[in-house]
Number of protein chains: 2
Amino acid sequence: MLLVERGQEPYAGRWALPGGFLLPEESAEEAARRELGEETGLADVSGLHLEQVRAYSEPGRDPRMRVVSVAFAALLPDPPEPRPGTDAAEARWTPYERATGLAFDHDRILANARARVGARLESTCLATAFCPPEFTLGELQQVYESVWGTPLDRPNFRRKVLATPGFVEPVPGGARLTGGRGKPAALYRAGPATALHPPLPRTPREGHPA
Amino acid sequence: MLLVERGQEPYAGRWALPGGFLLPEESAEEAARRELGEETGLADVSGLHLEQVRAYSEPGRDPRMRVVSVAFAALLPDPPEPRPGTDAAEARWTPYERATGLAFDHDRILANARARVGARLESTCLATAFCPPEFTLGELQQVYESVWGTPLDRPNFRRKVLATPGFVEPVPGGARLTGGRGKPAALYRAGPATALHPPLPRTPREGHPA
DNA sequence: CCCTTAATAGTCAGTACGACTATAAAAGGG
DNA sequence: CCCTTTTATAGTCGTACTGACTATTAAGGG
């Protein structure tokens, strides 16, 4: 999770989600994309998928004034080290589990975002947007495991992904050898499909073990 | 779908989704609830479930000024005849299929709302909120069929609903006879469950008939 | 008194899923 | 250079669930 340390009151010194205000002629998604680029120093935020989480409009969210926020979630495969933007003391990547005690109502926003992304992983091909252009099935599985927080059986995961037409397609003739410690894994690309039929369920189905 | 006929420019005479502006000290959900009450004349909108669809912030959505809208969807079991509120010429219930050509970007909002509610029907117990306090399984099935636009096999629907613990529970000792033309159906109430495990899939699974 | 309608009960074959075992192909350590 | 470790990939198997279908029951209508 990309967090920034606030430099000003309120909540000075506390960590918060990066954000900012709309310019007169941009949409909330364009604003979120611009803020993300300013915060990470990433050059090509234009191709990135931004998932709208929801809007937060309760009065009193910001003690200074009435603020309505629209939260977006983006997925970065190989994120660069962030550089703090304006009015932020520092910026840092933080694991989800340690990203608590945030300023404002950002704890809730972060939880909503995780739930939203996790649900989209079940029924859409969103997971490939989390991977580099060419990836192994092990990397794709790690996306699911880290967002869901659940270990998955590798052969079964493999079977279901490959059985879904258009989810992934093998790159013409390649296997990856350099860094790996075991047998080299085949490389795949994102396929043309956008929805997952049938959905990829969160493996250990809860509720009926007998 | 509850639609209002606009009495003022822009889009005078066109049908649109009901809506309004936030008061200084209310959240978007509170504002949506208030507007719904004003528009329908319904007394007890307080217990109604409001599902946030998403926010719409593109510049130029409203030709008069910059407007950011947060859309909500509510489900009314037995809706009363609406009465037009301020600056609306008329208000009317309209089937989803005929609710096209709306003012502003309301066609898109309506499609997003339908997709959102349809997705929530698969994985949550939201459908019971669409029914009266006591309902038959046939009525519950009609909720799914009308939102999804798909006919469902009645015995199979029945089996899955009853197999999900906490989804519905039978009312102590009753069957409904008066209006029905066939065999009287048993009455059920909403159960304590809130999530559906396993989810109730959109019956004819697309993609693998062989 | 039959015919229609709708609810409920039950059957059955195909299949997808989870759990598990086995093999292959690399790196590393002695 | 062999042996262990590690990881990817292949395959097996029994269970449980699903979708499609048929049958029975209980009302109302003509």
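Here is how names work: the chains are called A, B, and so on, in the same order as the sequence lines, proteins then strands, and each is numbered from 1.
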Chemist: Taking the side chain of B/Asp153 as heavy atoms from C-beta outward, which of C/dC20, D/dA27, D/dC21 is closest to it?
Modeler: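 Out of C/dC20, D/dA27, D/dC21, the nucleotide with an atom closest to B/Asp153's side chain is D/dC21.
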
Chemist: Please report the C-alpha distance between A/Arg34 and A/Glu30 in whole Å, then the side-chain angles of each, then the deciding distance to 0.1 Å, and finally whether the side chain to side chain contact (heavy atoms under 4.5 Å, CB included) criterion is met.
Modeler: CA-CA 6 Å; A/Arg34 173 178 52 77; A/Glu30 288 163 354; over 6 Å; no

Chemist: Let's see if you can work this out: which of D/dT18, C/dT8, C/dG18 has an atom nearest to the side-chain heavy atoms of A/Pro201?
Modeler: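 Nearest to the side-chain atoms of A/Pro201, counting from C-beta on, is C/dG18.
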
Chemist: Below the 4.0 Å mark, does D/dG28 have OP1 or OP2 next to a side-chain nitrogen or oxygen of B/Lys183?
Modeler: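 The answer is no; no side-chain N or O of B/Lys183 sits under 4.0 Å from OP1 or OP2.
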
Chemist: Atom NZ of A/Lys160 to atom C1' of C/dG18: distance rounded to whole Å?
Modeler: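 Nearest whole value for this atom pair: 9 Å.
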
Chemist: Between B/Leu200 (CG) and D/dC17 (C1'), how many Å, whole number?
Modeler: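 Spelled out: CG on B/Leu200 to C1' on D/dC17 is 13 Å.
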
Chemist: Name the closest nucleotide to the B/Ala185 side chain, picking from C/dT8, D/dC21, D/dT18.
Modeler: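 Taking heavy atoms from C-beta onward, the closest nucleotide is C/dT8.
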
Chemist: Rounded to the Å, how far apart are B/Arg181 CZ and D/dT25 P?
Modeler: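 So the two atoms are 22 Å apart, to the nearest Å.
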
Chemist: Mind calculating the distance between CZ (B/Phe157) and C1' (C/dA9) to the nearest angstrom?
Modeler: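 Atom CZ in B/Phe157 sits about 17 Å away from atom C1' in C/dA9.
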
Chemist: Is B/Arg83 reaching over with its side chain to a backbone N or O of B/Ala91, donor-acceptor style, under 3.5 angstrom?
Modeler: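 Such a contact is absent between B/Arg83 side chain and B/Ala91 backbone.
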
Chemist: Between A/Tyr144 and A/Phe157, does the ring centroid distance fall short of 6.0 Å?
Modeler: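 So the answer is yes for these two rings.
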
Chemist: Within the modelled atom types, does a donor on one side and an acceptor on the other bring the side chain of B/Arg159 and the base of C/dG10 under 3.5 Å apart?
Modeler: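 No.
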
Chemist: If only atom types and distance count, is the side chain of B/Glu39 paired as donor or acceptor with the main-chain N or O of B/Pro82 below 3.5 Å?
Modeler: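 Looks like no, no N/O pair under 3.5 Å.
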
Chemist: Can you work out whether A/Gly182 or A/Leu162 has the more 5'-proximal nearest nucleotide on DNA chain D?
Modeler: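 Taking each residue's closest nucleotide, the earlier one in sequence belongs to A/Gly182.
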
Chemist: Which whole-number value in Å describes the distance from B/Phe135 CZ to C/dA7 P?
Modeler: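 My rounded result for the distance is 14 Å.
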
Chemist: Starting at the 5' end of DNA chain C, which residue's closest nucleotide do you reach first, A/Pro155 or B/Tyr188?
Modeler: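 Its nearest nucleotide being more 5', the pick is B/Tyr188.
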
Chemist: Atom CZ of B/Arg202 and atom P of D/dT18: how far apart are they, to the nearest Å?
Modeler: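 Taking CZ of B/Arg202 and P of D/dT18, I get 17 Å after rounding.
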
Chemist: May I ask you to establish whether A/Arg54 and A/Tyr56 are in a cation-pi arrangement, using a distance under 6.0 Å from NZ or CZ to the six-membered ring centre and at most 45° from the ring axis?
Modeler: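 Yes, A/Arg54 sits over the ring of A/Tyr56.
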
Chemist: B/Glu145 has an atom CD; how far is it from atom P of C/dA6, in whole Å?
Modeler: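 The distance from CD of B/Glu145 to P of C/dA6 comes to 12 Å, rounded to the nearest Å.
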
Chemist: What's the CZ-C1' distance between A/Arg154 and D/dT6, to the nearest Å?
Modeler: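 In whole Å, D/dT6 C1' lies 10 Å from A/Arg154 CZ.
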
Chemist: Describe the nucleic acid contact of A/Arg158 in one word from base, sugar-phosphate, nothing, applying a heavy-atom distance below 4.0 Å.
Modeler: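 Answer is sugar-phosphate: A/Arg158 comes under 4.0 Å of backbone atoms only.
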
